[in-house]
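Shown next, in structure tokens, is the structure this report addresses.
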Amino acid sequence: MQTPRLKDFLELHFIILLWGFTAILGKFISIPAVELVFYRTILAAVALAVVIKLRKGSLRIGRRNIAKILGVGFLIAAHWILFFASARVASVSICLAGMATSSLWTSILEPIFTNKKIRPHEVALALLIMVGLYVIFRFEFDHAVGISMAVGSAFLASCFTIINSRLTKQHSAATITCYEMAGAWLATCLFFPFYRQFMTDTGELHLALTWVDVLCIAMLALVCTVYAYTAAVRLMHKFSAYTMNLTVNLEPVYGILLAFFIFKEGEQMSAGFYYGAAIILFSVFLHPILESVINRRQNRLKDALPN
């Protein structure tokens, strides 16, 4: 793994700012979450394929690898559907706060899927985030469905982030993201019959777009997906999956601030929401401090050992 530089940290935070903005864009779009994911993923997949061809890259990675990455796209589709549905059912702020549980899922799942050892301080910080989420649940119980959707979305995000951290060792970021977007589009298409039968009032899809929808979906696909996801996959060469997901916990902070200025959502949130959000934010900033202390202690122990 390469050592991250200052510009890598800055780019990571810029990407997280864009992801915090996605829920806000989703609120401006008139069509439901499933149809939104359908448009976003196909546009992103086509745009990435064009970019790869213009750069004289290749999409040939073998059928087995393509099948694996398309499968990851199924997880991404479910993640986005839950994400946008949560913002619609509850609010942008509630949705983003629930997404902060991704570090809890990563601290549990990463040791299972990789050779990484369980680190007690990571689990402790993740549990602290759960405490913050519990506080939000207590004061915002009317939004329980929205929070649950966001937590489920965070679980799926943790899964595909861990998988992507391994895929980046074998394939380019653009190729991975292109096939994942194609897989997410395919998953959405396969979900349509069930969705029409059981989850719509009329049994019809809402695919008609306004000009606002077109502009917002284009921004979601080209800026928040093609650029942001490709860059995030590339940065996984330099950051661990846990560090990526813990830093992504700043997404609710950026998103909530944006929502406050755009939608005045602060007027709708109780004091308990801000207590819970403060606990989550505290865990985010505590992580690098603990990492620094633990690394220094380990280095001193290594230096003390005889050669």
Side-chain angles (χ1 to χ4, degrees), residues 1-22 25-26 29 36-80 83 156-157 159-189 209 213-241 243-245 247-248 251:
M1 181 176 292
Q2 303 173 27
T3 302
R5 294 176 293 179
L6 176 60
K7 72 172 188 176
D8 298 319
F9 283 99
L10 293 176
E11 185 176 20
L12 178 59
H13 281 273
F14 178 65
I15 291 167
I16 294 166
L17 178 65
L18 290 178
W19 286 342
F21 192 60
T22 58
L25 285 174
I29 296 171
L36 167 56
V37 173
F38 169 80
Y39 279 121
R40 179 184 184 180
T41 52
I42 186 60
L43 181 57
V46 171
L48 277 164
V50 171
V51 169
I52 291 170
K53 288 298 181 182
L54 290 175
R55 293 179 177 177
K56 302 187 183 303
S58 176
L59 290 170
R60 295 181 181 179
I61 57 175
R63 293 181 179 178
R64 180 175 296 181
N65 290 325
I66 290 174
K68 288 179 182 178
I69 299 175
L70 289 176
V72 178
F74 278 52
L75 296 177
I76 293 174
H79 156 68
W80 276 345
F83 177 81
L156 294 171
C159 289
F160 70 72
T161 299
I162 293 170
I163 297 171
N164 278 344
S165 68
R166 302 177 68 179
L167 290 173
T168 54
K169 299 174 183 177
Q170 306 168 14
H171 313 291
S172 72
T175 301
I176 291 171
T177 309
C178 180
Y179 280 117
E180 286 181 347
M181 293 302 102
W185 176 78
L186 177 61
T188 308
C189 291
L209 299 176
D213 293 338
V214 172
L215 291 173
C216 290
I217 290 173
M219 185 174 291
L220 277 173
L222 302 178
V223 180
C224 301
T225 305
V226 172
Y227 162 69
Y229 273 83
T230 302
V233 172
R234 172 171 45 80
L235 288 174
M236 287 175 189
H237 287 290
K238 303 180 180 182
F239 298 99
S240 69
T243 300
M244 289 285 291
N245 271 331
T247 309
V248 168
E251 182 180 333

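Hydrogens, waters and symmetry mates play no part in the numbers below; they use all other heavy atoms, side chains included. Each residue takes its place number in the sequence, starting with 1.
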- Closest non-hydrogen contact found for A231 with I15 is CB-CD1, 3.5 Å
- At what distance, to the nearest 0.5 angstrom, does SG of C216 lie from OH of Y39? 14.5 Å
- Can you measure from NE2 (H13) to CG (D8) and round to the nearest 0.5 angstrom? 11.5 Å
- Item | Interatomic distance, T188 atom OG1 to F38 atom CZ [nearest 0.5 angstrom] | 8.0 Å
- Item | Closest non-hydrogen atom pair between A78 and L156, with its separation | CB-CD1, 3.5 Å
- Query: When you measure from the side chain of T177 to the backbone N and O of A174, does any donor-acceptor pair fall under 3.5 Å?
  - Reply: no
- Task: Give the intermediate values and the outcome of side-chain contact (heavy atoms from CB on, under 4.5 Å) for residues F83 and T22.
- Result: CA-CA 10 Å; F83 177 81; T22 58; 3.4 Å; yes
- Query: Distance-only, no hydrogens or angles: does the T175 side chain make a donor-acceptor pair with backbone N or O of H171 under 3.5 Å?
  - Reply: no
- Task: Find out whether V37 and W185 are in side-chain contact, i.e. whether some heavy atom of one side chain is under 4.5 Å from a heavy atom of the other.
- Result: no
- Query: About how many Å separate CD1 of I66 and CG of L70, when rounded to the nearest 0.5 Å?
  - Reply: 7.0 Å
- Message: Do I163 and L75 make a side-chain contact, defined as non-hydrogen atoms from C-beta onward lying under 4.5 Å apart?
- Response: yes
- Message: Atom CH2 of residue position W80 - does it have more than 12 heavy atoms of other residues, nucleotides or ligands inside 6.0 Å?
- Response: yes
- Which atom pair, heavy atoms only, marks the closest approach of A45 to A182? CB-N, 3.8 Å
- Got M181 and I76 here, is their nearest side-chain heavy-atom distance under 4.5 Å? yes
- Check whether any side-chain heavy atom of V46 sits under 4.5 Å from a side-chain heavy atom of I42, and report yes or no. yes
- Classify the ring geometry between F14 and Y227 as parallel (under 30°), tilted (30 to 60°) or perpendicular (over 60°). tilted
- Query: What distance do L12 atom CG and K7 atom NZ have between them, rounded to the nearest 0.5 Å?
  - Reply: 14.0 Å
- Taking the side chain as C-beta and beyond, is there a heavy-atom pair between C224 and R40 under 4.5 Å? yes
- Heavy-atom side-chain proximity of I61 to Y179 below 4.5 angstrom: yes
- Query: If we only count heavy atoms from C-beta on, is the L36 to L220 side-chain gap below 4.5 Å?
  - Reply: yes
- Considering only heavy atoms from C-beta outward, does the side chain of F74 approach that of L186 to under 4.5 Å? yes
- Item | Where L43 and A218 come nearest, the two heavy atoms and their spacing | CD2-CA, 3.9 Å
- Task: Output the distance between atom CD1 (I162) and atom CZ (R166), rounded to the nearest 0.5 Å.
- Result: 10.0 Å
- Could you go through the side-chain contact (heavy atoms from CB on, under 4.5 Å) check for L167 and E180 one step at a time? CA-CA 11 Å; L167 290 173; E180 286 181 347; 4.2 Å; yes
